[in-house]
Amino acid sequence: MDRIKGFFEEKKMDSKFKRAGEGHKLDSSSSSGAASGRAGAASGAGAASTAPARRPPTAAGANAACAAAQRQQQLNAKSNTTVTGKVFRQTSGENTAQAATASPALERQQSSEAAAAGPVVVTESKLFPVRLVCPVCSSSHSRSSIYEHYDACLRSSLSRESLTTSCAMIHTLTRDKETVAMCVNTICKYLDNAIAHPGEEKYGRVRVNNKAFQERVTACPGAKEFFLAAGFESRMQGGDDTASGEEFLVLNDDARTDTERLQMCKDILTSTEPLKGELDRCVQVFHMSASAMSFSLPTSFFRLSTEELKREQQRLKQEAGQLTQLRTKAMRDRDAQAALRHYRYCVVRVRMPDSLVLQAMFYPGETLLKVRHVVHSAIREDLEPYPFSLVDPSGRVVTDDTMTLSAAKWVPHALITMRFDDAAVQSRTQQVVQPALLRSVLSL
């Protein structure tokens with residue numbers, strides 16, 4: 001194999017030498033080459049002498065050249081601000097960045113340039129954040145990771161409140177309601193048998209490897225933890241020794257006779273509601289600009305669950321049937337309100353008197369009073385006693401705070417205006433937003 005490789009390498013070397021032309025010894029001069037070079041130089045000089053002299057540019061040509069140079073400088077400046085340019089400068093100028101870090105003078109220069117650059121520009125991913133607040137620990141998480149947090153948060157509470165926590169796990173961690181209902185009904189049957197026959201051991205004994213038990217009960221996280229909290233114990237039975245037996249959940253002697261506690265466990269299981277995270281307002285402040293007046297909503301605003309897709313399919317079937325019949329204006333308005341209900345969230349931007357734009361997230365079913373509360377919590381403390389009004393996109397002052405955002409047609413987004421009722425306060429106020437929010441002003 002090595003001989004074959006050597007043969008092909010020799011062939012490649014020979015072909016390269018042939019393409020290079022004839023050579024000459026190092027101790028001998030190439031007179032022919034020198035002569036040809038002198039001839040070429042002479043011919044070049046003759047051609048240069050016969051070529052016509054270049055005319056100076058006209059005034060119009062000079063102006064066009066200056067304009068082209070300016071456009072090229074602008075394009076270069078824009079290319080330097082792109083992400084690709086930043087990455088290229090970061091990778092190719094690594095040594096320069098290290099030297100700048102070591103130099104205090106360059107550090108001061110970079111900090112002054114960053115301060116002069118103005119506000120931070122927000123990206124599209126952070127423009128409309130959808131986050132939920134855990135009702136157990138009050139921490140904020142994204143919509144995609146909230147169920148992972150529910151799992152970790154509930155399991156950390158099992159040692160303190162095993163019964164209520166296991167019930168919350170059953171109803172929360174399994175998102176399919178039919179699976180949850182089947183699990184709860186099966187557990188209730190086990191408990192009913194144990195309550196109706198407190199003296200018989202077979203009614204307080206469950207085989208874990210049973211196919212029905214695996215499909216209906218253990219499919220829901222928290223089901224086994226509920227049995228243990230209700231007084232069941234995990235035991236290995238049915239084999240010659242403990243190691244070779246099957247796992248059973250067996251009611252202990254005290255729990256078997258305490259039917260009142262078993263009934264209480266059943267009532268807690270059936271009455272528990274799944275955890276529902278509260279929508280994080282994600283209050284943001286932007287500088288007034290043309291981009292602040294436009295909305296480009298992410299796909300999370302329209303993403304539907306399985307149940308919502310079924311309702312949407314049913315709604316489309318109803319619309320297909322409604323096309324064949326005459327409909328009044330009241331009926332059309334009712335259908336328009338029903339069409340707004342498929343939006344999950346609503347984003348509201350408020351133009352403040354100090355030329356800033358306040359943004360917050362809401363549910364479509366929330367009232368306009370919630371919007372007023374968010375605006376009130378964002379203004380300075382010394383301005384809180386002064387009443388203010390909210391003006392909707394059509395120019396009307398909001399008077400009914402009990403109206404929902406969906407009924408006010410603020411879904412999926414709305415741009416409203418906040419103004420103080422006192423004209424004197426409105427005219428002399430130059431800073432309305434709290435200083436804490438001013439430290440994180442963004443630019444679109």
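Residue indices begin at 1 and follow the sequence shown.
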**Message:** Please check: side-chain N/O of Asn252 versus main-chain N/O of Gly231, any donor-acceptor pairing under 3.5 Å?
**Reply:** yes
**Message:** Donor-acceptor pair, distance only, cut-off 3.5 Å: does the side chain of Glu148 make one with the backbone of Ser145?
**Reply:** no
**Complete:** All heavy atoms of Glu215 vs all of Met182, minimum pair found to be O-CE, 4.2 Å
**Message:** Looking at Tyr203, I'd like to know if the NZ or CZ of Arg256 sits under 6.0 Å from its six-membered ring centre while staying within 45 degrees of the ring's axis.
**Reply:** no
**Asked** Distance-only, no hydrogens or angles: does the Arg131 side chain make a donor-acceptor pair with backbone N or O of Ser140 under 3.5 Å?
**Response** yes
**Heavy-atom closest pair, residues Ser157 and Arg160** = OG-NH2, 3.0 Å
**Prompt:** For Ala378 and Leu358, which heavy atoms make the closest approach, and how far apart are they?
**Reply:** CB-CD2, 3.7 Å
**Request:** Return yes if some donor-acceptor pair links the side-chain N/O of Thr172 with the main-chain N/O of Leu275 below 3.5 Å, else return no.
**Result:** yes
**Prompt:** Rounded to the nearest 0.5 Å, how far does CE of Met264 lie from CG of Leu191?
**Reply:** 11.0 Å
**Asked** Between CE of Met169 and SG of Cys167, what distance do you get to the nearest 0.5 Å?
**Response** 10.5 Å
**Fill in**
Between the CD1 atom in Ile379 and the CG atom in Leu437, the distance rounded to the nearest 0.5 Å is 11.5 Å
**Request:** Return yes if some donor-acceptor pair links the side-chain N/O of Gln434 with the main-chain N/O of Ser377 below 3.5 Å, else return no.
**Result:** yes
**Message:** Whether the side chain of Tyr150 engages the backbone of Gly277 through a donor-acceptor N/O pair (distance < 3.5 Å, no angle test) should be reported.
**Reply:** yes
**Item:** Polar contact flag, side-chain donor to acceptor under 3.5 angstrom, Asp400-Thr402
**Value:** yes
**Interatomic distance, Cys265 atom SG to Phe227 atom CZ [nearest 0.5 angstrom]** = 11.0 Å
**Prompt:** Would a line drawn from the ring center of Phe232 to the ring center of Tyr190 be shorter than 6.0 Å?
**Reply:** no
**Whether over 12 other heavy atoms sit under 6.0 Å from Arg380 CZ** = yes
**Prompt:** Thr404 side chain to Ala407 main-chain N or O, any donor-acceptor pair under 3.5 Å?
**Reply:** yes
**Prompt:** Is atom CD of Gln263 surrounded by more than 12 heavy atoms (other residues, nucleotides or ligands) closer than 6.0 Å?
**Reply:** yes
**Prompt:** salt bridge (charged side-chain N to carboxylate O under 4.0 Å, His left out): which pairs involve residues 257-271, sequence neighbours left out?
**Reply:** Asp192-Lys266
**Item:** Note, Pro393 side chain near Ile416 side chain (heavy atom, < 4.5 Å)
**Value:** yes
**Contact summary for Leu368 and Val398, nearest pair of heavy atoms** = CD1-CG1, 3.6 Å
**Request:** Give the minimum heavy-atom separation between Val350 and Val375, together with the two atoms involved.
**Result:** CG2-CG2, 3.9 Å
**Item:** Ser389 and its side-chain hydrogen bond (donor to acceptor under 3.5 Å, both in side chains) partner, picked from Thr417, Thr399, Asp421
**Value:** Asp421
**Residues, nucleotides or ligands: over 12 heavy atoms within 6.0 Å of Arg281 CZ** = yes
**Complete:** Output for pair (Thr179 OG1, Ile170 CD1), nearest 0.5 Å, gives 12.5 Å
**Message:** Set out, in order, the CA-CA distance, both residues' side-chain angles and the distance that settles side-chain hydrogen bond (donor to acceptor under 3.5 Å, both in side chains) for Ser162 and Glu225, then state yes or no.
**Reply:** CA-CA 7 Å; Ser162 58; Glu225 288 80 358; over 6 Å; no
**Item:** Donor-acceptor contact present, side-chain His376 to main-chain Pro387, <3.5 Å
**Value:** no
**Item:** Between CD on residue Gln359 and SG on residue Cys282, distance to nearest 0.5 Å
**Value:** 9.0 Å
**Complete:** When every non-hydrogen atom of Tyr363 is compared with those of Arg344, the smallest separation belongs to CD2-O, 3.5 Å
**Request:** Sequence neighbours left out, what passes side chain to side chain donor-acceptor pair (under 3.5 Å) with Asp254? Give chain and number order.
**Result:** none
**Request:** Answer yes or no: does atom CD of Glu247 have more than 12 heavy-atom neighbours from other residues, nucleotides or ligands under 6.0 Å?
**Result:** yes
**Message:** Please determine whether the number of non-hydrogen atoms from other residues, nucleotides or ligands lying under 6.0 Å from atom CD of Gln431 exceeds 12.
**Reply:** yes
